[in-house]
Protein chains: 2
Amino acid sequence: MASLTLDDLDLRILGVLQTDASISNLELSRRVHASAPTCLRRVRVLREAGIIARQIAIIDAAKLGPTLRAIVEVSLDRQAAEDYDAFEAYICEEPAVTQCYRVSPGPDFVVIAEVPDMAAYDELARRLFKSAANIRNVRTFFSTRCAKFEANAPVHAKASR
Amino acid sequence: MASLTLDDLDLRILGVLQTDASISNLELSRRVHASAPTCLRRVRVLREAGIIARQIAIIDAAKLGPTLRAIVEVSLDRQAAEDYDAFEAYICEEPAVTQCYRVSPGPDFVVIAEVPDMAAYDELARRLFKSAANIRNVRTFFSTRCAKFEANAPVHAKASR
DNA sequence: GCTGAAATCACACATTA
DNA sequence: TAATGTGTGATTTCAGC
């Protein structure tokens, strides 16, 4: 499937929605200087193409109670392709895990998890990294302060193809 | 300011919106088994309280062109409170930087940046980490595969206060 | 939680490049 | 031919009760 060519209007739409998707289609059309039906069509196409993957509400977790983020570097013991896949599938099922990246060089994965406190992390780590086989090494940092959080870099910084 | 007490309905609303905020208020009301006006009021309160921080569209960056994520551990040279703040403010201004966490133990910060390719990362790193003073050490991993990405862990996993 | 007015959405159609 | 702009009905939002 050929990646459909995005024009400047598409990029402007993406640029607006990636920072604020709470606005109405009418408001969107005003911001990108296009008509409402045009915006509606563009957004639908972008969504069907999977370029707009999904639309979510970001929640300020700290306001719901104590929050501890753990950033974990994981190295596997055996490193065949199926071992990577297996770890990935396994770890992604865990609700507390919010992000998982396959990386190189260094460790095999970087995992970010969100838990209430250190006790909860200990329980999580015990469950994910100890009982699960095929873990060679785990290195954990903790963070209670997230200075910046974006799902994507601004699209206008990217090329149009 | 006292954190307002969230009841079960609030948590159900947050639970839905944090995975899919593209739905209408009417659809939301159906999913959480409440009336539409009630949902509308709750969502407004949650938004004004900052519990719903914002609503965004997540874009599949890979569909817009080649994408390379860099996960960077940064250690500062001087580590006074104002040095931390200065680095944070400086790095957050960079559009390519999508996430920045202050961590412990280990490095002082974990930074995630999104660039088209290695050349762009090199340019970014040169700009952010070399010319900027007060950097002791930088350790970078690259990732082209993000197995999981959520802004938050599911709210239903958290306590109601 | 329900009802009604106002706004918005979403579609079919005519139009233009 | 394909995409944009105009007009209409249905739906939704959001106020007061």
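Proteins come first, then strands; the chains are lettered A, B, ... in the order of their sequence lines, and each starts at number 1.
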Chemist: Please report, rounded to the nearest Å, how far the P atom of dT8(D) is from the CG atom of Leu40(A).
Modeler: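 Between P of dT8(D) and CG of Leu40(A): 19 Å.
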Chemist: Identify whether Ile58(A) and Ile52(A) are in the same connected component of the hydrophobic contact network (ILVMFWY, side-chain heavy atoms under 4.5 Å).
Modeler: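 No, no single cluster joins them.
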Chemist: Asn25(B) side chain to Ala36(B) main-chain N or O, any donor-acceptor pair under 3.5 Å?
Modeler: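 Present.
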Chemist: Tell me yes or no: between the side chains of Arg136(B) and Gln79(B), is some donor less than 3.5 Å from an acceptor?
Modeler: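 Short answer, no.
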Chemist: Arg42(B) CZ to dC14(D) P: how many Å, rounded?
Modeler: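 About 17 Å, once rounded to whole Å.
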Chemist: Among the nucleotides dG1(C), dC2(C), dG5(D), which one has an atom lying closest to any side-chain atom of Pro37(B)?
Modeler: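 Of dG1(C), dC2(C), dG5(D), dC2(C) is nearest to the side chain of Pro37(B).
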Chemist: On the nucleotide dG5(D), are OP1 or OP2 found under 4.0 Å from the side-chain N or O atoms that Thr38(A) carries?
Modeler: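 It does, given that an N or O in the side chain of Thr38(A) lies less than 4.0 Å from OP1 or OP2 of dG5(D).
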Chemist: Between dG16(D), dT4(D), dC11(C), spot the one nearest the side chain of Arg41(B), thanks.
Modeler: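 Minimum distance to the Arg41(B) side chain belongs to dG16(D).
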Chemist: Quickly work out the His33(A) NE2 to dG5(D) C1' distance and round it to whole Å.
Modeler: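 Whole-Å distance recorded here is 17 Å.
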Chemist: Could you identify which residues of residues 20-29 of chain B place a heavy atom less than 4.0 Å from some atom of DNA chain D, listed by residue number, or say none?
Modeler: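 Residues of residues 20-29 of chain B that come under 4.0 Å of DNA chain D are, in numerical order, Ser24(B), Asn25(B), Leu26(B).
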Chemist: Can we call the ring centroids of Tyr121(A) and Phe142(A) under 6.0 Å apart?
Modeler: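 Between Tyr121(A) and Phe142(A), the centre distance is under 6.0 Å.
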Chemist: Quickly work out the Asp7(A) CG to dA2(D) P distance and round it to whole Å.
Modeler: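 In whole Å, dA2(D) P and Asp7(A) CG are 16 Å from each other.
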Chemist: Measuring from the side chain of Ser35(B) (C-beta onward, heavy atoms only), which nucleotide among dT4(D), dC2(C), dT12(D) has the closest atom?
Modeler: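 So the side chain of Ser35(B) is nearest to dC2(C).
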Chemist: Ignoring hydrogens and angles, tell me if any N or O in the side chain of Ser143(A) forms a donor-acceptor pair with the backbone of Arg102(B) under 3.5 Å.
Modeler: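 Indeed, once roles are kept as given, a pair shorter than 3.5 Å links the two residues.
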Chemist: Counting only N and O atoms by type, is there a donor-acceptor contact under 3.5 Å from the side chain of Asn134(A) to the main-chain atoms of Arg78(A)?
Modeler: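 Judged by distance alone, yes, a pair lies under 3.5 Å.
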Chemist: Atom CG of Leu9(A) to atom C1' of dA3(D): distance rounded to whole Å?
Modeler: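 Nearest whole value for this atom pair: 11 Å.
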